Amino acid sequence: MAERVTIIGSGPAGWTAAIYAARATLDPLVYEGAFTEDNRLKGTLPLGQLSLTTEVENFPGFPAGNMAGYLDSSIDESKRKYMAPHGGHGVSGPELMELMRQQAANFGTRIRTDDIVEIDLSKRPFRMKSLGGDEFESHSVIIATGARANYLGLPSEERFKNLGVSACAVCDGALPRFRNQPVVVVGGGDSAMEESTFLTKFASVVYLVHRRDSFRASKIMAERVMANPKISIQWNSEIDEVLGSEEKGVTGVRIRSTLDASKKQELPATGYFAAIGHTPNTDFLKGQLQTNAKGYVVWTTPQRTYTSVEGVFAAGDVADDYFRQAITAAGTGCMAALDAERWLAAQGIH
Ligand code: NAP
């Protein structure tokens, strides 16, 4: 028998869709992704990008700082006594994702730790195959596979992956090779700000290489970086080459000025972190859904999560190259579950 709703992806969008679909008694099935080396290198492991981040300061309901103290001071004692005790801080990305996953599981969501590698959207019910060999049909699908970090595409980046090249400071920053050593971050958005700030915990100095003379990042995060004495900003600069050897891995980078390409400089570093934006995880769709110029799935109707194929809904970063926040992903995950529920009901599938 075909599934009623299959959710592909396990970030805030996927789990929120699962919570809503499960509570609507649709018995959702979530493919949360597989723990493969390929997924690790691409940054597409289960629980999505938030599981690769540190503190989440902007998800409503989780104020940073001492949560227990905050609750004591902000919520009336008569209500406090009914609340479970809480640990000493706000919430981290991995914690938030585990909490969402647990919440979905509590309502009966079935979870498969596997990747969907093939999907046929040409006829309904839709047919899918997983990496682990599952083959099944589903009346509706919610695509919530998110996006992954980009690299510049230099051969020298490829050569030193796992030898000092990374797109995730939070995953790799604490490794011994970066301790008390100079490291390089490239980019000028919030990711670059977050990664640089995080790396100052371990590195002796963080060279932040940005191609322009101002940051794209939010003001608060950019100001934090500019005030940090351990971050040396290299304005108007691009990475020419990642330098290193097979034995030592990354030993530095050569940068060139964007104002005068003949001006080059070498910076010593044991690490190189790319923080230059994202690519949506749509490879498995093989062009079956309409996408925009950057490859993000297109929502075809305002205020709906409908895609170009009826019965297929999209939520979170895979369809959003503009907001790309945990809370907006969760919001569209909720919308996708409600859209799927109503669409299934209209088809007489309950
Ligand atoms: P982004 O905002 O798209 O920024 C990408 C940065 O990389 C830009 O500064 C861009 O330079 C630079 N860049 C892109 N291609 C490049 C290339 N080929 N060579 C050199 N530089 C290049 O991406 P992001 O920082 O990953 O952020 C994505 C979204 O996630 C944003 O909405 C952001 O707010 C959100 N986010 C939020 C948080 C947070 O709130 N805690 C943390 C991380 C990310 P230009 O500026 O010159 O284009």
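Fair warning: this is a prediction, and the values are worked out from it, not measured in the lab. Numbers for residues simply follow the sequence, beginning at 1. For ligands, and for the atoms within them, numbers begin at 1 and follow the listed sequence.
- Below 4.0 Å from some heavy atom of Gly188 lie the following atoms of ligand 1, by number and element: 6 (C), 7 (O), 8 (C), 9 (O).
- In terms of protein heavy-atom proximity, atom 7 (O) of ligand 1 is nearest to Ile276 CA, 3.2 Å.
- Under the 4.0 Å criterion applied to side-chain N and carboxylate O atoms, Glu37 and Arg40 are assigned as salt-bridge partners.
- Residue Phe323 touches ligand 1 through its backbone alone, judged by heavy-atom distances below 4.0 Å.
- Between Phe313 and Trp343, the ring planes lie perpendicular to each other; the angle is over 60°, past the 30° to 60° tilted range.
- When only non-hydrogen protein atoms are considered, atom 23 (O) of ligand 1 lies nearest to Gly277 CA, 3.6 Å.
- Among all protein heavy atoms, the one lying closest to atom 40 (O) of ligand 1 is Asn58 ND2, 3.3 Å.
- Heavy-atom proximity to atom 31 (C) of ligand 1, evaluated over Arg216, Arg324, Glu194, His210, is greatest for Arg324.
- Follow the hydrophobic side-chain contacts under 4.5 Å out from Ile119 and you reach Leu29 in the same cluster.
- The protein non-hydrogen atom at the shortest distance from atom 35 (C) of ligand 1 is Gln325 NE2, 3.5 Å.
- Closest heavy-atom approach to atom 36 (N) of ligand 1 within the set Ile239, Asp190, Ile220: this belongs to Asp190.
- Between Met221 and ligand 1, no pair of N/O atoms sits closer than 3.5 Å.
- Judged purely by atom type and a 3.5 angstrom limit, Arg211 has no side-chain atom pairing as donor or acceptor with the backbone of Thr258.
- Side chain of Gln325 to backbone of Phe323: a donor-acceptor contact under 3.5 angstrom is found.
- Classification of the Phe198-Phe202 ring pair by plane angle, with boundaries at 30° and 60°, yields perpendicular.
- For the pair Thr270 (side chain) and Arg177 (backbone), a donor-acceptor distance under 3.5 Å is present.
- Nearest protein heavy-atom contact of atom 16 (C) of ligand 1 is Arg211 NH1, 3.3 Å.
- Scanning the protein heavy atoms around atom 46 (O) of ligand 1, the nearest turns out to be Arg212 NH2, 2.7 Å.
- Judged by distance alone, with hydrogens and angles left aside, the side-chain atoms of Asn150 form a donor-acceptor pair with the main-chain N or O of Thr279 at under 3.5 Å.
- Between the Asp120 side chain and the Arg127 main chain, no donor and acceptor come within less than 3.5 Å of each other.
- The proximity of Asn150 to ligand 1, defined as any non-hydrogen pair under 4.0 Å, does not occur for either the backbone or the side chain.
- Annotation: atom 19 (N) of ligand 1 to nearest protein heavy atom, Leu152 CD2, 3.3 Å.
- Checked by distance only, ligand 1 and Tyr322 stay at 3.5 Å or farther apart across all their nitrogen or oxygen atoms.
- A donor-acceptor distance shorter than 3.5 angstrom exists from the side chain of Glu157 to the backbone of Leu152, with no hydrogens or angles considered.
- When Ala274, Ser218, Ser191, Gly189 are ranked by how near their heavy atoms come to atom 24 (P) of ligand 1, first place goes to Ser191.
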